[in-house]
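Working notes for the structure below.
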4 protein chains.
Amino acid sequence: MARPRNAATDLAILDATRAELVEKGWSKLTMAAVAERAGVAKTTLYRRWPGRSEMVVDAVAVLFDELELPDRGSLQSDIEGVVLSFASLMSRPEAKTALMAVVAESTHSPQLRDRIRTAVVDRQKRLVRQGRLRAQERGELPADRPDSAEDEQLIDLTFDVVAGAVVHRVLVSDEPVDEQWAAAFALLLVGGITAVSG
Amino acid sequence: MARPRNAATDLAILDATRAELVEKGWSKLTMAAVAERAGVAKTTLYRRWPGRSEMVVDAVAVLFDELELPDRGSLQSDIEGVVLSFASLMSRPEAKTALMAVVAESTHSPQLRDRIRTAVVDRQKRLVRQGRLRAQERGELPADRPDSAEDEQLIDLTFDVVAGAVVHRVLVSDEPVDEQWAAAFALLLVGGITAVSG
Amino acid sequence: MARPRNAATDLAILDATRAELVEKGWSKLTMAAVAERAGVAKTTLYRRWPGRSEMVVDAVAVLFDELELPDRGSLQSDIEGVVLSFASLMSRPEAKTALMAVVAESTHSPQLRDRIRTAVVDRQKRLVRQGRLRAQERGELPADRPDSAEDEQLIDLTFDVVAGAVVHRVLVSDEPVDEQWAAAFALLLVGGITAVSG
Amino acid sequence: MARPRNAATDLAILDATRAELVEKGWSKLTMAAVAERAGVAKTTLYRRWPGRSEMVVDAVAVLFDELELPDRGSLQSDIEGVVLSFASLMSRPEAKTALMAVVAESTHSPQLRDRIRTAVVDRQKRLVRQGRLRAQERGELPADRPDSAEDEQLIDLTFDVVAGAVVHRVLVSDEPVDEQWAAAFALLLVGGITAVSG
DNA sequence: CTATAATCGAGACGGTACGTCCGGTCTTGTA
DNA sequence: TACAAGACCGGACGTACCGTCTCGATTATAG
């Protein structure tokens, strides 16, 4: 009760973390370097996060909140838009290197898995819901059936398909996501959703 | 003229690497432990691979060669089959932890990116081609147009969608890929491909 | 402001160094073994000394401070005494193996040469000065001429002759320094000094 | 029986050893480097010497055979001469670094100690005997008493004093042996020997 | 004039230690 | 109490040599 933590310090640390990620990448990211860059002692880092991975998850999570779903007039266009902006996010070095790394770490740590899910995954499903709702308003998709588990599953499925395809294209196949690819993907997805929902 | 390298040593090392991956996971995998388990000196590892990542790529790559595409009678069923067997592969601890980790590392190393592409990605596209061919023989899909770049792109797209969705579901969303999910996914994908190709 | 170095650690390390020298000898002395024996991390060694040789010089230097020159009543006897006690020092395994080794190393390192000179050589010249002074008080030797470079050179010469002869006898010729040898040597040296100074 | 060893190879190896000693010093001298420099395989080295130390002793021993004792007309002058030529030998980098190093090693190896004694020490005592004989012929010293252990001991003592003083001056005290020092030393030694033998 | 057997070059190999780096904890003094 | 500074332990890193080994290829002698 004597002295409260300095809130600005958190931001400085997360900024420093992202900067180091850009310059060095995940495996060369050291706590000491982040601390020095943030003008902070190593102790302070460990007082706030249990380890490197958790800190990086938090540092990267905010990037995902920049994603939006502007109304481009059709489901097809909306998908194209979100694919392109997600791809551009995944092309930023601090995002691509960190995301895969923490996912890798998470395979041996349930705590980390939870942190990723709450900080990244769940927060972005909103985009799928929003796009679906908008398409229903436009009459492109039928309205949700009340309490339908199938509808809920379709949302999850759509999320994994969109996010997975983009991540795989960019990071594993190592090919660019350009407008042409986004269009082809959106066409495929709309076709599939229509077939399933129709 | 000089003493040749022992070919069996390579196999012993890669076996040891996979075993250590299962027990310790990527971040606790040490060269010394792999060497000891393989009954080999650390030097020998470094004589054959430039680093941990490259060695792990080679160790994991062979797992992907186990994937097959048995003829289950329809495109929909074929997709369900490959999704399930791929998901079962991605659930093996040595595959999931290693794959994400090397992809993360690869974001800062073109050499590693190439190695992943040739050792893993390119080798598995055969499954997509094979499934497509079979569907065409069954009359489920129209035949390829000669020298069509579009057909080629559709193959790549399909590959990223299938592999990406499964990987994302298993590793990021952290949800199981069961028969129900495989069926829903296959339905969506067949719908999309039909719409696009029709 | 920051945490200060633990002074007791220095002593523990030097003790461990001497113990390892006794058991293993110079060429089998490893930093890791010293660290473990001292209950200290290897890092701590390197934080305090640039390398093995420097550490060993410091570890051995204190042994030389044990040397004394008890008044045995005559120059001849004083020399016999110091020769015997120096020889007994040079027979201790930690001294003999270490001293020659660091001298060997020093031939390629001016820094090390300086360290040896200040830590060992200069500190022991006091014995020669003391013995000379005592002999002068007894009237065995004429008093120093003021500001005489010759007197100073004679001190250095005596030091090299005494120390050199003992070291060479023990380490190179590999013969024991017993009372008989000490007496013969002292006789020779007193004869020489008297001839020169007379 | 079948094929004899190439004798020229021995010389090439010892030459290479000395050259490496000059350039790198003892502690940076590697068997691989010597082998390459001699145009020879590492195996060949180990076929001829049990280890580095033994090889270096042989490489350096020949240097000592260059020492001679030209007749300069008096015991005093003869001593000055041998001191200067021995000092010039001890100033050569391959000799100084190697000699101390093998002596250090020898403290833990009787075999090595023997090799040093036969290859270096015993071979050089001839110089003392020769100088003594010459001084006796000149009438500077009384003739040997038959079967006198004392005379024998005086030879050994003289050897240790001369060699020890020079080595200590050059390597430990790190001061030059010039004509002035040689003269002062010779004066001291002649005084001592005369007093003892008188 | 072979054939036979040791020598030789090259370099892979199992080891051991190196000196460095980093993670995470701890101990100081200052604010 | 929070914090900066940095010492500290532990442990892995990638490198360098060691001394041994396995290879073919190359001789010099014995048959």
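In what follows, chains carry the letters A, B, and so on, assigned in the order in which the sequence lines appear, proteins first and then strands, with residues in each chain numbered from 1.
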Can you tell me how far [atom2] of [N] sits from [atom1] of [X], to the nearest Å?
X     : N      : atom1 : atom2 : answer
D/L45 : E/dG11 : CG    : P     : 16 Å
D/W49 : F/dC18 : CH2   : P     : 15 Å
A/N6  : F/dT1  : CG    : C1'   : 14 Å
C/E36 : E/dT16 : CD    : P     : 15 Å
A/R37 : F/dA4  : CZ    : P     : 17 Å
D/K24 : F/dC17 : NZ    : P     : 8 Å
D/K28 : E/dG19 : NZ    : C1'   : 11 Å
D/L29 : F/dA16 : CG    : P     : 17 Å

Distance-only, no hydrogens or angles: does the D/R48 side chain make a donor-acceptor pair with backbone N or O of D/M55 under 3.5 Å?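 No, the answer is negative, given that no donor and acceptor are paired below the 3.5 Å cut-off.
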Just verifying a value: how many Å separate B/N6 CG and B/I13 CD1, rounded to the nearest 0.5 Å?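 If I round to the nearest 0.5 Å, the distance is 9.5 Å.
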Categorize C/G39 for me: base, sugar-phosphate, or nothing, with a 4.0 angstrom heavy-atom threshold over every strand shown.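 Sugar-phosphate, no base atom in range.
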Could you tell me whether D/D58 and D/R115 make a salt bridge, using a distance below 4.0 angstrom between a side-chain N and a carboxylate O?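 Judged by the 4.0 Å cut-off on N to carboxylate O distance, D/D58 and D/R115 do form a salt bridge.
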Find which nucleotide of DNA chain F each of D/T43 and B/Y46 is nearest to by heavy atoms, and output the residue with the more 5' nucleotide.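 Its nearest nucleotide lies further toward 5', so the answer is B/Y46.
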Listed nucleotide nearest any side-chain atom of [X], set [options]:
X     : options                : result
C/A32 : E/dC18, F/dT27, E/dG9  : E/dC18
C/M31 : E/dG19, E/dG23, F/dA28 : E/dG19
B/A2  : E/dG11, F/dC13, E/dC22 : E/dG11

DNA chain E: 5'-proximal contact among C/P50 and B/R48 (nearest heavy atom):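 Its nearest nucleotide being more 5', the pick is B/R48.
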If you take all heavy atoms of B/W26 and B/R52, which pair is closest and at what distance?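 Taking every non-hydrogen atom into account, O-NH1, 3.0 Å.
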Minimal non-hydrogen separation, D/A61 against D/A119, with atom names: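 Reported closest heavy-atom pair: CB-O, 3.7 Å.
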OP1 or OP2 of [N] less than 4.0 angstrom from a side-chain nitrogen or oxygen of [X], does that happen here?
X     : N      : answer
D/R5  : F/dT27 : no
D/T44 : E/dG9  : yes
A/R47 : F/dC3  : yes

Donor-acceptor pair under 3.5 Å: do we get one between C/K42's side chain and the base of F/dG10?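 Check fails, no donor-acceptor contact within cut-off.
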Pair of N/O donor and acceptor under 3.5 Å linking E/dA12 base with B/R3 side chain: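 Yes, a donor-acceptor pair under 3.5 Å.
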